[in-house]
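As C-alpha cells, the structure follows; a few thoughts come after it.
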Amino acid sequence: SRGPPKIVALIPLCSEADAHEAWRLLTVAAEKGTSIGHGDDGKTDILIDAPSPTKRTFAVPGVKLRLTVLPPFASKQGAPLSAVTLLEYVKGADIVIFLTSSSAKGPGMDCIDNQGQKYCEVLRAFGLPSVYAGMQGIAGLSLSEKSAVKKRVAAAFKDQVRDSVPLFPLDTPADCLHMFRTIKEQKHSSPTWRQHRPYLVVDKCECHENGVVSNAASSGDSCTFS
C-alpha cells in the first residue's frame, strides 16, 4: 500500500509475557504474509534462530499493509520505571500492542502486573494511539478456558487502558496475520497532542556544510533526510 509504514510498538504488561517471541512471530508473519498456513508455528524457514529484536520494516505480502515493527520496550528487572524512557519509545508509534499471558498468576488483575500498571498509568496521561492486546499462551487451552482468559484480559484492559481494546491471540504467525488484517481495515486514532505537534520520523540524516558532510549540525547547515 502507499504511504508511510505504520509504526508498531510492543509493550509487555506482565513478567510472563514473552516480548522477544511476540516480535519474532510478528516479523515472521510480516515477511511471509498470506503464504502462512494455519498450522504454521513460525519455527520453520526464516528466523529459525531469531536474532536480537531490531526495528524492521515490511510490506506484508497479500495484505497491502506496510509496517515498521519496533523492538519490544523493556526496562531492567527491578529497576524503577523511567517515564521518559517509556515515552521516548512510544512517542512515534501509530499502534501499540500490549502483551499479556494466560500463564500469569496472582490475585486481581493478574494479566497486568504492578510494573505493567505503571506503564499504563504513564501512557494514559501521555495519550495513546491505536491499541491492541496480544494474548500469549492460549493456543492449548479449551474453549471455556480461552473464554475465561479473554474476559479477564478485557476487564483488566478496560480498567487500566481503555474500553473495548481489540483482543487477539498471539501464539502463531497466523494469529499475527489475523491482527494485520484488522489493522489494515480499522481507522486509526492519534493522541490529541500529536495532532497539534506534527512530527517526522527519519531513518537517516546527514548535515552538509559547503558541500561537505558534517557529523554535527550548526547554524545554517542544510540537512538531507532519507
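As the structure is a computational prediction, the values presented were derived from the model and not from experiment.
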Is it true that a side-chain atom of D171 and a backbone atom of A139 form a donor plus acceptor pair closer than 3.5 Å? yes

At their closest point, which heavy atom of S102 faces which heavy atom of G137, and how far apart are they? OG-O, 2.6 Å

Rounded to the nearest 0.5 Å, how far apart are CG of N114 and CD1 of I112? 11.0 Å

Which atom of F180 lies closest to which atom of L26, heavy atoms considered: CZ-O, 3.6 Å

Note: P169 and I138 closest approach over all heavy atoms is CB-CD1, 3.6 Å

How long is the gap from OG on S101 to CD on E21, to the nearest 0.5 Å? 11.5 Å

Just by modelled atom types, is the C14 backbone N or O under 3.5 Å from a matching donor or acceptor in the Q115 side chain? no

Checking the side chain of D94 only, and the main-chain atoms of P129 only, is there a donor and an acceptor separated by less than 3.5 Å? no

Would you say that L10 contacts V96 through its side chain, given a criterion of any heavy-atom pair below 4.5 Å between the two side chains? no

Only one of Q117, K118, R124 forms a side-chain contact (heavy atoms from CB on, under 4.5 Å) with C120, so which one is it? R124

Is the backbone of L128 close enough, under 3.5 Å, to the side chain of R162 for a donor and an acceptor to pair up by distance? yes

Closest heavy-atom pair, L177 versus G33, reported as atoms and distance to 0.1 Å, is CD2-O, 3.5 Å

Got a sec: does the NZ of K146 have more than 12 other heavy atoms crowding it under 6.0 Å? yes

Can you find a pair of side-chain heavy atoms, one from K55 and one from V69, that are under 4.5 Å apart? no

Please name the pair of heavy atoms, one in P173 and one in A29, separated by the smallest distance, quoted to 0.1 Å. O-CB, 3.5 Å

Side chains of D113 and S15: closer than 4.5 Å at any heavy-atom pair? yes

Using side-chain heavy atoms (C-beta onward) and a distance below 4.5 Å, is L99 in contact with L13? no

Would Y119 and F73 count as a ring pair (Phe, Tyr, Trp, His ring centres under 6.0 Å) here? Give the steps. CA-CA 10 Å; Y119 291 168; F73 176 79; 5.4 Å; yes

Please confirm whether the backbone N or O of M135 pairs with a side-chain atom of T100, one donor and one acceptor, at under 3.5 Å? no

Evaluation steps, side-chain contact (heavy atoms from CB on, under 4.5 Å), between V122 and L87: CA-CA 8 Å; V122 170; L87 297 183; 3.7 Å; yes

Got I183 and L65 here, is their nearest side-chain heavy-atom distance under 4.5 Å? yes

With sequence neighbours left out, write down each residue that passes side-chain contact (heavy atoms from CB on, under 4.5 Å) with S144, or none if nothing qualifies. S142

Side chains of I95 and I7: does their closest heavy-atom pair fall under 4.5 Å? no

Take atom CD of E121 as the centre, draw a 6.0 Å sphere, and report whether it contains more than 12 heavy atoms from other residues, nucleotides or ligands. no

Side-chain (Y89) to main-chain (P71) donor-acceptor, under 3.5 angstrom: yes

Run the ring-ring contact (aromatic ring centres under 6.0 Å, His included) test against F58 and tell me which residues pass, sequence neighbours left out. none

Can you check whether A155's main-chain N or O pairs, donor with acceptor, with D159's side chain at less than 3.5 Å? no

Please evaluate residues Y132 and F98 with respect to the criterion side-chain contact (heavy atoms from CB on, under 4.5 Å), reporting the C-alpha separation (whole Å), side-chain torsions for both, the decisive distance (0.1 Å), and the verdict. CA-CA 6 Å; Y132 296 84; F98 286 119; over 6 Å; no

Compare every heavy atom of G134 with every heavy atom of I97, then report the nearest pair and how far apart it is. CG2-N, 4.1 Å

Kindly compute the distance separating NZ (K158) from OG (S164), expressed to the nearest 0.5 Å. 8.0 Å

K184 side chain vs K64 backbone, donor-acceptor pair below 3.5 Å: yes

Counting only N and O atoms by type, is there a donor-acceptor contact under 3.5 Å from the side chain of T27 to the main-chain atoms of W23? yes

Is the closest side-chain heavy-atom distance between L123 and L86 below 4.5 Å? yes

Go through the structure and list residues passing side-chain contact (heavy atoms from CB on, under 4.5 Å) with A133, not counting sequence neighbours. F157, V165, L167

Could you walk me through whether Q136 and D18 pass side-chain contact (heavy atoms from CB on, under 4.5 Å), step by step? CA-CA 8 Å; Q136 296 179 308; D18 189 339; 4.0 Å; yes

Could you tell me if the side chain of D175 sits less than 4.5 Å from the side chain of L25, heavy atoms only? no

